[in-house]
Amino acid sequence: MTAHGQPPLFPFDAPPSTDPPAEAIRMLHTDPVPLVRLASGHEVRLVTRYDDVQRAMSDPRMSRAALATPEAPTIVPGLQSPEMMPNMDPPDHTRLRRLVAKAFTIGNVELLRPRVETVATSLMNQMLAAGPPADLVSALAEPLPGIVICELLGIAHDEREPLLAFIEAMSITTTFDQEAFAVTGAVAASHLLGLIERKRHHPGDDLLSRLVQVHDEDGDRLSEAELLITVMLLIGAGQETTMAQLAKSVLLLSHHPDQWARLVAAPDLVPNAVEELLRVVALGHAGQPRMAREDVEFSGQTVEAGTTVFPVVNAANRDPAVFPDPDRFDVDRREAAHHLSFGRGVHFCLGAPLARMELQVALHALVTRMPGLRVAERDDELAWQPESLTRGLRRLLITW
C-alpha cells in the first residue's frame, strides 16, 4: 500500500530503459502477488514470480475472453476487441489460430531465412555505404521485420502505412482518444478492404490470399471482422515488437562491451545471445491480463474468481529460482531459453519462430560486419517511445 493507504499505481512510474522497473523486481522478492490499481480505478493483481506467471498464462481457469469488453480492466484500451485472436479462449482461439499457424511453424520460418538474410544484407550495405552515424531503427530494426511480414502476407511494403497508424493508436498505453482511434480505424479498415478485394480477384501464394479464401468459402471459420483485425495484428506484432527488441538489444550490448566482444569473437553464440536478450530486455509493462474464472492460487495466495491478473513477464525473467544471478547479462547463459517473453500455453506467441530468426539474422549481420559498433549518443540523449506498448526507441544512433 502507498502512504495514503491505496494500492500502488500500475504501470509503475519508471524512466524508459532496457531494465524492468525496480518496483517490479522488489515485488518479485517481497510481495509476489501484489494488489495494484490502474488509472481507470480498477484494482487488479500482479503475479511476478516465474511459476506464477507461467500458471497465469497456461491455466485454463484464467480467461482472456472475459476481458474483451470496453469495461474490463486494461492498460491498453485499443487492444480489447473480441475479434482479436489473443482475446479469445478455446475453442474460438483454436479455430482462428489454426488458420494462420502453418505459416509460422519452425520449418516454414526456416525456409524464409535465406530471404531474410538477403534483406538484412541489403540494409547493411546501405548503412555501410552511407557511413556513420546511422539510425539503427530506421536503417535496420524497422524495415527488416516490416519487409518480411509484408512479403509473408503478400502486400507491398508501402501499403502498410495506413495500417501502421491504426496499430500505433491501438498500442498506446498513456492516453486513449476514442474519436481519433475510430478515425484511424476506419481509414485502416477501408484500406485493408481494398487490399482484400484485390486478393479476391488476383490471389497469390501468400497468407492474406489464403485467409481471404477461407473467409469467402466459410464465413463461419473466419468472419470479416476477424479477418481485418487478424491481418492488422500480424502486421503490428510482426514488426513493432521485433523492431523494439532489436534496438533495445543493441543498446544493452553497448552497455556490456565485454558481451559484444564475445559475440564478435564467436558469432555462433548469436542464437543463445538472442534468447538471453529476450530474457533480459524489458518490453512493455506486463503480459496480457487474464481474469480468474475460479479461485486460483499463486505463491500460496488465493486469487478469487473474477479478479484480473497481470503477469509481469519482465520480473519473472529475473526470478533467481530459475535464473541464477538473474541480473547478470551473459550471452553464454545455459538456461536463457527458459524465458517467458513469448508466453506459455495456448497463447504462446504465434510469431515466436519468425521473431527469433529475424533477431538472429540481424544480430549476426551486425557482429560480423560492424565489429566496432557502438552507440553514438549518450543515454540521456536517447529518443524513447514511453507511450507505446513496447516502450521502445524512436531512434538509436550508432557508429562503427
Side-chain angles (χ1 to χ4, degrees), residues 1-57 62 73-76 173-174 244-245 248 251-252 255-256 276-290 292 296-304 307-330 333 335-336 338-341 343-344 379-380 382 384 386-392:
M1 293 290 176
T2 65
H4 301 290
Q6 287 186 312
L9 186 65
F10 184 79
F12 302 124
D13 186 18
S17 170
T18 57
D19 292 323
E23 182 69 359
I25 300 302
R26 184 191 69 76
M27 288 176 167
L28 164 69
H29 295 289
T30 64
D31 187 15
V33 193
L35 183 70
V36 297
R37 61 188 169 91
L38 307 182
S40 62
H42 292 99
E43 293 188 353
V44 302
R45 289 282 176 183
L46 306 182
V47 288
T48 57
R49 289 180 177 167
Y50 187 95
D51 286 348
D52 291 339
V53 168
Q54 191 167 230
R55 180 177 300 112
M57 291 176 163
M62 305 298 295
T74 184
I75 57 175
V76 193
T173 63
T174 53
Q245 178 69 35
K248 293 178 84 169
L251 177 61
L252 179 65
H255 292 155
H256 296 271
E276 176 72 342
L277 287 161
L278 285 164
R279 181 188 76 86
V280 173
V281 169
L283 286 190
H285 306 283
Q288 297 168 336
R290 273 83 168 167
V296 183
E297 187 175 293
F298 297 100
S299 286
Q301 182 171 336
T302 298
V303 170
E304 295 181 350
T307 302
T308 295
V309 174
F310 280 80
V312 186
V313 176
N314 296 330
N317 283 341
R318 303 291 183 105
D319 191 335
V322 179
F323 306 102
D325 193 8
D327 295 330
R328 175 174 53 87
F329 171 50
D330 181 5
R333 183 182 290 272
E335 69 280 357
H338 295 164
H339 65 79
L340 297 174
S341 297
R344 282 291 188 272
D379 282 356
D380 61 1
L382 295 171
W384 292 93
E387 74 284 357
S388 74
L389 184 63
T390 59
R391 290 170 65 84

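The residues of the chain are indexed from 1 along the displayed sequence. All heavy atoms count here, side chains included; hydrogens, waters and symmetry mates do not. These figures come from a predicted structure and were not determined experimentally.
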Please examine the side chains of Thr308 and Arg45, heavy atoms only from C-beta on, and report whether any two atoms are closer than 4.5 Å. no
Tell me, please, which residues at least two apart from Tyr50 pass ring-ring contact (aromatic ring centres under 6.0 Å, His included). Phe323
What is the minimum heavy-atom distance between Pro324 and Arg333, and which atoms define it? O-NH1, 2.8 Å
How far apart are the closest heavy atoms of Leu283 and Gln245, and which atoms are they? CD1-OE1, 3.5 Å
For Arg318 and Val280 the tightest heavy-atom approach is NH2-O, 3.1 Å
Checking Phe12 against Val312 for the side-chain contact (heavy atoms from CB on, under 4.5 Å) test, could you report, in this order, the C-alpha distance in whole Å, the side-chain angles of both residues, the deciding distance, and whether it holds? CA-CA 11 Å; Phe12 302 124; Val312 186; 6.0 Å; no
Should Pro32 and Gln301 count as side-chain neighbours, where that means a heavy-atom distance under 4.5 Å? no
So, taking the atom named CG in Asn314 and the one named CG in Leu28, what distance separates them when rounded to the nearest 0.5 Å? 11.5 Å
Between Arg49 (side chain only) and Val47 (backbone N and O only), is there a donor and an acceptor less than 3.5 Å apart? no
Would you say Asp52's side chain and Ser299's backbone share a donor-acceptor pair under 3.5 angstrom? yes
Spacing of OG1 belonging to Thr307 relative to CE belonging to Met62, to within rounding of 0.5 Å: 8.5 Å
Side chains of Val53 and Met57: closer than 4.5 Å at any heavy-atom pair? yes
Given side chains that start at C-beta, do those of Leu251 and Asp379 come closer than 4.5 Å, heavy atoms only? yes
Listed partners of His256 passing ring-ring contact (aromatic ring centres under 6.0 Å, His included), at least two apart: Phe329
Where is the tightest heavy-atom contact between Glu43 and Leu35, given as atom of each residue plus distance? OE1-CD2, 3.6 Å
With a 4.5 Å limit on heavy-atom distance, are the side chains of Met27 and Pro8 in contact? yes
Does Arg279 reach the side chain of Pro326, with side-chain heavy atoms less than 4.5 Å apart? yes
Rounded to the nearest 0.5 Å, how far does CD1 of Ile25 lie from CG of Asp319? 9.5 Å
Find the distance between CG (Asp19) and NZ (Lys248) and round it off to the nearest 0.5 Å. 9.0 Å
Could you report the tightest heavy-atom contact between Phe310 and Ile75, atom names first, then the distance? CE2-CG1, 4.2 Å
NE2 of His29 to CG of Asp31: how many Å apart, nearest 0.5 Å? 12.5 Å
Under 6.0 Å from the CG atom of Asp13, do we count more than 12 heavy atoms belonging to anything else shown? no
If you look at every heavy atom in Phe10 and Ala286, which pair is closest and at what distance? CZ-CB, 3.9 Å
